[in-house]
Amino acid sequence: MALIRRRASAPRREPRAADFEIASDDSWLSIADDASVPATGDVIVSLARFMAESEALLAREGRLGVRVPNDTLPELLAPLATSATLIALDFPTHRDGRAYSLARWLRSRFGFRGEIRATGKVVRDQLANLARVGFDSFELARGSAELALASFDDFTVHYQATSDQPLPLWKRAARA
Amino acid sequence: MYRYDEHDRRIVVERARQFRTQVARRISGELTEEEFRPLRLQNGLYIQLHAYMLRIAIPYGLLSATQIRKLADITRKYDRGYGHFTTRQNLQLNWPRLEDVPTILDELASVEMHAIQTSGNCVRNVTSDPFAGVARDEDVDPRPYCEILRQYSTFHPEFATLPRKFKIAVTGSKNDRAAIAVHDIGLRVLKNDAGEIGFEVYVGGGQGRTPMIAPRIRAFLPERDLLAYTEAILRIYNQLGRRDNLYKARIKILVHETGVPEFTRLVEEEFARIASDEGLVLTPDEIARVTRHFEPASYETTPATPTLEGLTLGKDRTLARFVEANVLPHRVAGYAIVQISLKSERLPPGDVTHVQLDAVADLADRFSFGRAVVTHRQNLVLTDVKIAALAALHADLAKHDLATPNVGRVTDIVACPGLDYCDLANARSIPVAADVASRLRTLEQEQDLGPITLNISGCINACGHHHVGNLGILGIDKLGEEFYQLTLGGDHTETAAVGKILGRAFAADEIAGAVEKTVRTYLALRTSRDETFLAVYRRVGPTPFKEAVYGAHPASSQRTAA
Amino acid sequence: MAATRPAYLVSASRLSDGAVVYLGADRRWTERFEQAARHDETAPRDEALAFAKTEEARVCNVHVVEIGVTAEGGLVLSARERFRRAGPARVLQSLGYGDFDRATGSGPAGSE
Ligand code: SF4
């Protein structure tokens, strides 16, 4: 499994391959619900655990990430937006698109500015769409990470306004 | 019609290029079929019973002569020389080879066409009134809004993997020729008392296994809010639509299970949040820009003779019958709307050969400003024909078997591809259409049967829209044999209704007879020629039809299968 | 309908053109129904299916077809399997494209 992420220096704009990289130094550790949380370091815990132990989790040293199931009610995202540094949205299959709308909500409705990570069955051909709705990093389930990176350049024009582009094409470009 | 600019063009070119690499990756083994399948489906490429099938998008059914010629050429070069128009105003190729498909997409891109989102769980081709722009009863031309929605929904990143497919239809007339009541979103564009343009919004209609007539959730949505409201509906559906059961995944089930008031509340709440987003508010400038593409043709003032009435009374009886059945009055004096029936004796419903396509392109150029429209009843329309030219046009149509005078009549049968082509089918549709038509053709010519819609689907997916045919035929499987259910009373117009099953299903050699009995019963029951089949059915109910078709003791019928 | 017992074939669509193919006893794909390997038991059927699924370079849409076998050894096929077996020629013939000439568009379907 490879992790692809937006470069720290990249502007938030419509995705281009140059804005992303294959990460070799991911600091985040995903903690299972029955495992104990280490005292330091960046950890990702489940939403249930976050809700049960939020005080302790926020008091510890190291950054906090939260895994959010894709059927989570959007209202539950509000407290995360202000306290988590990373939110991992899961794809049980690549055909289940609920997390796309959660990402949109996180960005536009709750103003989340941290990292949104796609986990689970994530495949190359959905990366650009994921980036456009607000994802920054992607755990690629299979296939070549280099080719996956290149796929950000498959399309150079997009009609819609999305998380990375506040204006639709017709407000950005002179059109006949 | 809408002409691409460099941006639109770049999108379809890049799409074709992307698919070329995806096909190459599949052939090289880099992609598994499981991974490739959604990618090919997003490009309209299915596996059918005997071959691949490529579904080409025809946005709101509108085609230029150049595009029609290209389609003819594609069927000649990469298929078997014919294609099939569907009830969703698209064109299907029945026999493409996988390695040719990227090239076909290149060819389509060269004439501003594509196969984007003609399959998969995304927003599909937006459909509309085939008479848009020329109908006398039109309040507002729906096509600019269709095009705005086409662009909005093309590769919308958030809505590429919805719970299920999503179909939008837009009409601009009170007389609904776009069947908006049976779409996921149905829109009727109209003007309010203050003269402002807006939409009635219907959500959650559909056919298939659970046919439903869409409830109206908004009486007047200002036009600037079209995209925000659509996005709110799509987002609520994406989040809450069922994904546990394929048959319950359409938005109609969500609307039904949530209840219309609660569903509406959710949509309105989301809409309120995003309604003023700069990314979504439609500006008068943008609406005007797109509308300019659909500006009316430069009509000539033509002499008042002949009139349509005059032609129907004229000496040329063949022409008179054609005008009566297939030609409609136009918004502009001296012009007419000409419907081309694709329901001749020779070909399956909705099929056209490359020769016919070329002929239609030429006739569109000569007689109708170089445009033609595909209808959801699988016919074509030349929208702007001078009445003075009707006789000449008719003569040329007849040379290509395109002058069958039966539009809206009982032999103008809508039929899905069925078990001759379709991998999901239970039974064949096309031979049933042929049987029924051959039984009723003479009757129709002798007696004026008036408007009757007859629709056939080869399985419950209802691509032939059998639920909303006045007569509907549904193919079912009984122990490996083809059987057919007959439904009566369906209606796809502004008085939409889902037809009711009449009784036990019929074997393949019985169904045409049952249809004939039904039609003869109507003939016996109607009080005048003006009382349509649907009116009679609504007046008398199913009983007289049941008795006629099954006899007095339907249960004792011998051919009843287990 | 006569009483039958089930038997199984492994079928698929050819990757290049989507044509119906069957897995033969020699583990090669054939367009001919008669040459399809027929399995009476589920174990060899599943083994054949597992092999077929490794054949993605040649085929897609791999699946098992169940047919009925009568006491006399006759085969009972569903409508769908009868049509798949009969192939494109039957479709074209029965729908009016039998002697349709694609190059000229002549023949019954497209004649002038
Ligand atoms: S209704 Fe059924 S048989 Fe007909 S085209 Fe649709 S899926 Fe195929």
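Chain identifiers are assigned alphabetically (A, B, ...) following the order of the sequence lines, protein sequences preceding nucleic acid strands; residue numbering begins at 1 within each chain.
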Answer yes or no: does atom [atom1] of [X] have more than 12 heavy-atom neighbours from other residues, nucleotides or ligands under 6.0 Å?
{"X": "R32(C)", "atom1": "CZ", "value": "no"}
{"X": "E345(B)", "atom1": "CD", "value": "no"}
{"X": "E34(C)", "atom1": "CD", "value": "yes"}
{"X": "Q35(C)", "atom1": "CD", "value": "yes"}

Practice task
For the pair D17(C) and W95(B), evaluate side chain to side chain contact (heavy atoms under 4.5 Å, CB included) and give the outcome as yes or no after the intermediate values.
Solution key: CA-CA 8 Å; D17(C) 60 1; W95(B) 312 97; over 6 Å; no

Measure [X] against the heavy atoms of chain C and call it side chain, backbone, both or neither at under 4.5 Å.
{"X": "Y421(B)", "answer": "side chain"}
{"X": "S344(B)", "answer": "neither"}
{"X": "I430(B)", "answer": "side chain"}

Atom pair [atom1]/[atom2] of [X] and [Y] - distance to nearest 0.5 Å:
{"X": "L92(C)", "Y": "Y82(B)", "atom1": "CG", "atom2": "OH", "value": "5.0 Å"}
{"X": "L95(C)", "Y": "D351(B)", "atom1": "CG", "atom2": "CG", "value": "7.5 Å"}
{"X": "T353(B)", "Y": "Y97(C)", "atom1": "OG1", "atom2": "OH", "value": "7.5 Å"}

Problem - Side-chain donor/acceptor of Y52(B) to backbone N/O of L15(C), under 3.5 Å - result: yes

[X] versus chain B, the contacting section by heavy-atom distance below 4.5 Å:
{"X": "R14(C)", "value": "backbone"}
{"X": "S16(C)", "value": "both"}
{"X": "V62(C)", "value": "neither"}

In terms of heavy-atom pairs under 4.5 Å with chain C, which of [options] leads?
{"options": "R97(B), R37(B), E33(B)", "answer": "E33(B)"}
{"options": "Q48(B), E99(B), R428(B), M53(B)", "answer": "R428(B)"}
{"options": "D477(B), N94(B), L419(B)", "answer": "L419(B)"}

Which heavy atom of [X] sits nearest a heavy atom of [Y], and at what distance?
{"X": "R26(B)", "Y": "V59(C)", "answer": "NH2-O, 3.4 Å"}
{"X": "P88(C)", "Y": "R80(B)", "answer": "CB-NH2, 4.0 Å"}
{"X": "I47(B)", "Y": "G18(C)", "answer": "CD1-CA, 4.5 Å"}

Just wondering, do [Y] and [X] contact through their side chains at under 4.5 Å, heavy atoms?
{"X": "E482(B)", "Y": "F83(C)", "answer": "yes"}
{"X": "R80(C)", "Y": "D423(B)", "answer": "yes"}
{"X": "E481(B)", "Y": "S78(C)", "answer": "no"}

